[in-house]
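Some notes on the structure that comes next.
From a predicted model like this one, the values you see are computed outputs, not experimental measurements. Just follow the structure's listing: the first ligand is 1, and inside any ligand the first atom is 1. FYI, the numbering just counts along the sequence from 1.
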Amino acid sequence: MAASKSIWFAGGCFWGTEHFFKGVDGVLKATAGYANGHLDRQPSYEDVYTDTTGFAETVEVAYDPARISLPELTDLYFAIIDPLSLNRQGGDAGTRYRTGIYYGPEEDLSLILPRYNAESERLGAPLAVELEPLRNFYPAEEYHQQYLDKNPGGYCHIPLAAFRYLRLYQDLKALLGDEPDLIARMASAAALLGERMKWHWTGFYRVIGEKLVLGPYCGPLACLRIGYGKGVCGTAWKERRTVIVPDVDRFPGHIACSSLSRSEIVVPLIKEGDVIAVLDIDSAETDTFGPDDARWLQKIANLTAQVSIP
Ligand code: SME
């Protein structure tokens, strides 16, 4: 029997949150329920729906700590919510849809807090996400469990792309393991991203001296070298941030390796504080990439750049 620990995540409507965490490698069970309310008895969905019982729609995530860590689960949670939105996620509003991380043992707080603070720093604002000990949790009625499996067309506030990216991220993690060679890691990431997402061009440029030099990629031929601060790639390197270009014709200095490229995203790979490479993705359509893509592609870039993943 695997060791089991639990963490409770309120992330808006529990149907989607449960469905997402159920698919996370290392998660043993995800249970939809109601947490941190002020009734001393099992509430019904109707009780909670009144928005007067203090309960939040919450998912108990039981996991094997040998396979997935609490910091990693916390990061995945942040990837599927809007942490700045108070009492509203997707189309749902009310205190029952508030966001919260509710922990059991006190020592779990010290594992969650660095990721919580990093998220707040990344967004440059205090989070609307509660971070509190779990006071109570009641599993929801049976028809709410695995709701989206039972009702595949049911409402889910989590974008479908998150489920695709989660699979991709997990497959890449399993594939890379502790492979120490960066080129092998980049080649695997470029091939997997290219094959699954079918973008026009997906690949890496490595920082070598004063230039970005072409690395492993999937797609048509591309420029071999890009200068510091030049094009979208050189800008992401210089500014050490992800650059999203909805329309390449409107980005001054865009380097057109392929005339078919219409929009682009470039994510820096940062290791021990230095930009060591960039992940560059081109789409043949305009407006392909948004903040959700940025978030997942940053996770994928970090995974590629690091040999030991927490
Ligand atoms: N468009 C990039 C150059 C690289 S290719 O897209 C593969 C840029 O402006 O940096």
Side-chain angles (χ1 to χ4, degrees), residues 122 159 161 164-165 167-169 171-173 175-176 179 181-306:
R122 191 182 78 85
R164 249 173 121 193
Y165 273 121
R167 271 198 302 280
L168 203 154
Y169 176 79
D171 290 349
L172 185 63
K173 191 175 165 200
L175 183 70
L176 297 182
E179 168 55 51
D181 186 83
L182 190 59
I183 298 283
R185 296 178 75 88
M186 288 177 174
S188 304
L192 195 66
L193 279 164
E195 197 175 282
R196 294 266 178 100
M197 305 306 258
K198 311 252 181 275
W199 288 310
H200 178 63
W201 196 92
T202 305
F204 293 89
Y205 282 90
R206 297 158 300 140
V207 172
I208 299 182
E210 297 302 300
K211 297 278 184 194
L212 285 170
V213 180
L214 184 62
Y217 69 95
C218 177
L221 288 173
C223 329
L224 295 182
R225 284 173 185 256
I226 297 171
Y228 183 70
K230 304 289 182 204
V232 189
C233 292
T235 303
W237 176 19
K238 185 176 173 187
E239 297 182 5
R240 304 167 57 84
R241 65 176 180 92
T242 296
V243 179
I244 295 176
V245 179
D247 180 350
V248 296
D249 291 339
R250 290 165 183 268
F251 186 92
H254 167 257
I255 300 166
C257 293
S258 157
S259 60
L260 293 178
S261 171
R262 299 260 54 92
S263 60
E264 186 163 354
I265 184 168
V266 180
V267 181
L269 274 69
I270 299 178
K271 194 172 185 185
E272 285 150 18
D274 294 322
V275 177
I276 56 161
V278 297
L279 167 61
D280 177 19
I281 301 173
D282 289 12
S283 163
E285 276 130 47
T286 52
D287 276 321
T288 302
F289 307 103
D292 284 340
D293 298 282
R295 162 123 224 168
W296 283 99
L297 292 169
Q298 280 156 6
K299 285 177 76 62
I300 287 165
N302 289 342
L303 177 63
T304 307
Q306 270 141 48

Ignoring hydrogens and angles, write down the donor-acceptor pairs under 3.5 Å from the side chains of residues 284-297, residues two or more places apart or on other chains.
residue, atom, partner, partner atom, Å
T288, OG1, S263, OG, 3.1
T288, OG1, S283, OG, 2.6
T288, OG1, E285, O, 3.0
D293, OD1, Y165, OH, 2.6
D293, OD2, G290, N, 3.0
R295, NH1, E119, OE1, 3.0
R295, NH1, E119, OE2, 2.8
R295, NH2, E119, OE1, 3.3

In a table with atom names and distances, give each donor-acceptor pair under 3.5 Å that connects a side chain of residues 202-215 to protein atoms at least two apart or in another chain.
residue, atom, partner, partner atom, Å
Y205, OH, C223, O, 2.8
R206, NH2, L214, O, 3.1

Review point. Can you name the nearest heavy-atom pair linking T242 to Q298, along with the distance?
Key: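 Of all heavy-atom pairs spanning T242 and Q298, the closest is OG1-NE2, 2.8 Å.
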Review point. How close do L303 and R185 get, heavy atom to heavy atom, and via which atoms?
Key: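 The answer is O-NH2, 2.9 Å.
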Point to revise | Those residues that, when tested against F251, pass ring-ring contact (aromatic ring centres under 6.0 Å, His included) (two or more places apart) | key: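 Counting only residues at least two positions away or on another chain, F251 forms no ring-ring contact (aromatic ring centres under 6.0 Å, His included).
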Name each N or O atom in ligand 1 that is under 3.5 Å from a protein N or O, and give the partner atom and the distance.
residue, atom, partner, partner atom, Å
ligand 1, 1 (N), H254, NE2, 3.4
ligand 1, 1 (N), I255, O, 2.7
ligand 1, 1 (N), E264, OE1, 3.0
ligand 1, 1 (N), E264, OE2, 3.0
ligand 1, 6 (O), D280, OD2, 3.2
ligand 1, 6 (O), D282, OD1, 3.3
ligand 1, 6 (O), D282, OD2, 2.7
ligand 1, 9 (O), V232, N, 2.9
ligand 1, 9 (O), I255, N, 2.9
ligand 1, 10 (O), V232, N, 3.0
ligand 1, 10 (O), C233, N, 2.9

Review point. Roughly how far, to the nearest 0.5 Å, is CG of D282 from CH2 of W199?
Key: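 With rounding to 0.5 Å, CH2 (W199) is 11.0 Å from CG (D282).
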